[in-house]
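Here is the naming used below: chain letters follow the sequence lines, and residue numbers restart at 1 for every chain. Below, each value reflects all heavy atoms present in this structure, side chains not excepted, and no hydrogens, waters or symmetry copies.
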Protein chains: 4
Amino acid sequence: MTADSHAPIRADARRNRDQILAAAKVVFQAQGPDVPMEEIARSAGVGVGTLYRRFPDRESLIRAVAQDSFERVLAEVRSVALEEPTAWATITRLLAHSRELRVMLQLALLSERAHEIITRDPAVRGIRDEIFGLLEDLVVAAQREGSLRADIGAGDIGVLLSLLVRTFPAADAEVAGMMLHRATALILDGLRAPGTPLPGRRLVQGDLG
Amino acid sequence: MTADSHAPIRADARRNRDQILAAAKVVFQAQGPDVPMEEIARSAGVGVGTLYRRFPDRESLIRAVAQDSFERVLAEVRSVALEEPTAWATITRLLAHSRELRVMLQLALLSERAHEIITRDPAVRGIRDEIFGLLEDLVVAAQREGSLRADIGAGDIGVLLSLLVRTFPAADAEVAGMMLHRATALILDGLRAPGTPLPGRRLVQGDLG
Amino acid sequence: MTADSHAPIRADARRNRDQILAAAKVVFQAQGPDVPMEEIARSAGVGVGTLYRRFPDRESLIRAVAQDSFERVLAEVRSVALEEPTAWATITRLLAHSRELRVMLQLALLSERAHEIITRDPAVRGIRDEIFGLLEDLVVAAQREGSLRADIGAGDIGVLLSLLVRTFPAADAEVAGMMLHRATALILDGLRAPGTPLPGRRLVQGDLG
Amino acid sequence: MTADSHAPIRADARRNRDQILAAAKVVFQAQGPDVPMEEIARSAGVGVGTLYRRFPDRESLIRAVAQDSFERVLAEVRSVALEEPTAWATITRLLAHSRELRVMLQLALLSERAHEIITRDPAVRGIRDEIFGLLEDLVVAAQREGSLRADIGAGDIGVLLSLLVRTFPAADAEVAGMMLHRATALILDGLRAPGTPLPGRRLVQGDLG
DNA sequence: GATGAATGAGTATTCATTCAT
DNA sequence: GATGAATGAATACTCATTCAT
């Protein structure tokens, strides 16, 4: 009686699907959105045929990976907001410590083409809108708390996050970590109220492409 | 007209080389480091054969483009330092307004592979070292001036610059410009003395890979 | 209910087999002999697994479809011969109006490979021989009647039929029907006694490959 | 000063192009429109790359082969019309002996898809229209001569031709030849005035899809 | 020297067939 | 027995690089 036309999907198929998503996420981040499909399949431990049965082309795989990642971020934003005492602490923690958030943005910024594919997908857009709704609430709250400078919008937070998720050009992994932490701290310094006035206007979700 | 058999290169050959470099720079930035060689040749107005005569493979073209770009930056840093009254003003202007600097870093960060190619090239390294020498001087001077926070090294400036040269995920070009200006201003706010202490240590040139 | 272990096949299995044959016949005609097996299975309403259980490979499916079709034609030729008053009327009716005959020949002419597969199958050959025996009798009888020109053999009738079963290159289905009817009528005109002498000799069954 | 933007094409390139067209024509007829591109390339004695340089995809190759073939037929129809004393003789000779015409129609009838590709191409359509114009003139003239039955249009001739160009299901090549000659003769018998009235109406060019 | 033609290796994708559920 | 998931071989097409004109 389930209305779902694809039925509950067999357990082994489900496992394969998950493996593929996980592998694709890793491989996309490491090698970009143009990695050979064969490589994704291999690193998921399946044949290419299986990969293509689940995801009929590269686009649909990218979409699925993005959707999975966006969902994880949404869940995390919700739980962090519950755990942290203030909006500023929530923003800070997300900005500085969320691995899911990094992954999500790295996927979204992989390439022009990946960005378009993700942006055009209605499911992903829906989740993105939810995340942004929460972020806007956090921004307003943190400004009321007096911790976040007033001339900042949720879109600005998005922009700054998009900067911090890039790979850092470091000599080694330890230094890369330090770069991330220092740049993050410095940007948090910049975000703290009151700050010298910024040019332009508060950026909102719609300003992001 | 010197007797030296390699040196003066015929004028038209020189022109070809310059056209290719200019075209490649544009095309690399617009389409990434994997654009078909044919496309580069076409947009330079020459045949692929000519492209390959000048630059025996993609690597060598990338190296040449990088070298050209790094040289321009070196020249610019020198002239800006002469024109501006303070070290802080020099840093600010470079960070906020140097197109050459943006282009140079965008090339260097095009891709993992491009980064390696550039980094490994001795000629480019030489120029980069000169640029960094000047930058270190500027950092020290600006800290003496009391404008730049003390816990920052030239490497940190490099890191922050590397963030700001990325393409911004904007809905349109105007907003993209605003994103750049606002993010730059906010980071400059963060750079201003004194700031809350940053984690780790001052980063120096050697920390960049 | 016989004790024989292979014979009666379970009713549902029988139904599956019939559905597959019917679907395959339709799909082969519509899409050629290379349609994906999955598509045949789908249009028969079964899984590929079931298709392969019944027919271990494409060849055996083609053979089975052909055999089924040839049997239907044999039955039809017999009944038409009984119903029509003259041999010429029988030939005319078969040539102009038999859907089974069209289908059979279309299958046999689907492709070089399909033709070979069918031709090589002993069961199909047997049925074909019976059909041809009847056709030869009809030809002789019609020539005795004086309606069919004398320099024609059963093989010639086969050839002319093979022409008429092709898809006509018509702008729409109605015109296609008209093409078929007009070409059929014109060929019947050509078949009528006496006619100008044809080159070569009467063609017989053995001349068909 | 030639306006032709692609310049006169190099002699060796021209030769390759011609070889590819010739090879493709043969291979398409022998193996259908889905032969591996590699096979076409091989039988033309070039690499696949060369094939793709000249014809960016299978469609464009099919179009080019068709155009070439249609042009040959147009030329032949013109010259045969000049050589033969009557319109009926012209029609007869084309129908019975034109190899170019057979090839052209076999290409056009290769497959549903090939037919569409060819039909949609404006260049090919133009040539086809010219051929048909000539054919219509011939039909009218032959009917005036009293040789061709009156209830036939140029479209009918096209239909009958389309029947005769199919591969005959013969045991060997010699018999296949005989089948073609006999079927042709019989159809010519059917075409001769006056004939028993055909159903429907005269078919014209527009009736062909 | 310049040009653009030729080559062939690299990758995406499809589908026949096998096999676990 | 039925199902549909997994596999991998086959094939289209792209592009870096070489070489004839």
As a test of reading the structure: which of [options] is closest to the side chain of [X], going by heavy atoms?
X	options	answer
A:Arg53	F:dA12, F:dA5, F:dA16	F:dA5
B:Val48	E:dA5, F:dC15, F:dA12	E:dA5
D:Asp57	F:dT11, F:dC15, F:dC13	F:dC13

- prompt: Under 4.0 angstrom, heavy atoms only, what part of the nucleic acid is A:Arg54 near: base, sugar-phosphate, or nothing?
  reply: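 Touches sugar-phosphate only.
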- prompt: Is C:Val46 touching bases, backbone alone, or none of the nucleic acid, heavy atoms closer than 4.0 Å?
  reply: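 Contact class for C:Val46: sugar-phosphate only.
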- prompt: If each of D:Asp12 and A:Arg15 is mapped to the nucleotide of DNA chain E with the nearest heavy atom, which maps nearer the 5' terminus, i.e. the 5' end?
  reply: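 Checking each residue's closest nucleotide, the 5'-ward one belongs to D:Asp12.
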So, is [X] close to the [N] phosphate, meaning a side-chain N or O under 4.0 Å from OP1 or OP2?
X	N	answer
B:Asn16	E:dG1	no
A:Thr50	F:dA5	no
D:Arg58	F:dC13	no
B:Tyr52	F:dT17	yes

Between [N] atom [atom2] and [X] atom [atom1], what is the distance in whole Å?
X	N	atom1	atom2	value
A:Asp34	E:dA12	CG	P	8 Å
A:Leu51	E:dT13	CG	P	9 Å
D:Glu39	F:dT11	CD	C1'	12 Å
B:Arg14	E:dG1	CZ	P	14 Å
B:Glu38	E:dT7	CD	P	16 Å
A:Ile40	E:dT11	CD1	P	12 Å
C:Arg42	E:dA16	CZ	P	11 Å

task: Please lay out, stage by stage, how A:Leu21 and A:Arg54 fare under the test side chain to side chain contact (heavy atoms under 4.5 Å, CB included).
output: CA-CA 10 Å; A:Leu21 279 183; A:Arg54 296 296 153 218; over 6 Å; no
query: When you look at A:Val65 and A:Phe55, which way does the side chain to side chain contact (heavy atoms under 4.5 Å, CB included) test go after all the steps?
result: CA-CA 11 Å; A:Val65 170; A:Phe55 307 99; over 6 Å; no
query: Roughly how far, to the nearest 0.5 Å, is the CD atom of C:Gln29 from the OG atom of C:Ser69?
result: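 C:Ser69 OG to C:Gln29 CD: 7.5 Å, rounded to 0.5 Å.
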message: Looking at C:Asp57 and C:Ser60, would you say the former's side chain and the latter's main chain have a donor-acceptor pair under 3.5 Å?
response: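 Such a contact is found between C:Asp57 side chain and C:Ser60 backbone.
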- prompt: D:Ile62 and side-chain contact (heavy atoms from CB on, under 4.5 Å): which partner among D:Ile118, D:Asp121, D:Val124?
  reply: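 With D:Ile62 as partner, D:Ile118, D:Asp121, D:Val124 yield a single side-chain contact (heavy atoms from CB on, under 4.5 Å), made by D:Ile118.
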task: Would you kindly compare D:Pro56 and B:Gly49 by the position of their nearest DNA chain F nucleotide and give the one closer to the 5′ end?
output: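 Upstream on the strand: D:Pro56.
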- request: Would you kindly compare A:Gly47 and B:Pro36 by the position of their nearest DNA chain F nucleotide and give the one closer to the 5′ end?
  value: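 It is A:Gly47, whose closest nucleotide lies nearer the 5' terminus.
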- prompt: Now, which nucleotide makes the Watson-Crick or G-U wobble pair with F:dT21, with each of the two distances under 3.5 Å?
  reply: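 Paired with E:dA2.
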- request: Identify the nucleotide, in any strand shown, that forms a Watson-Crick or G-U wobble pair with F:dA10, with both distances under 3.5 Å; if there is none, say none.
  value: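 Its partner is E:dT13 (Watson-Crick or G-U wobble, both distances under 3.5 Å).
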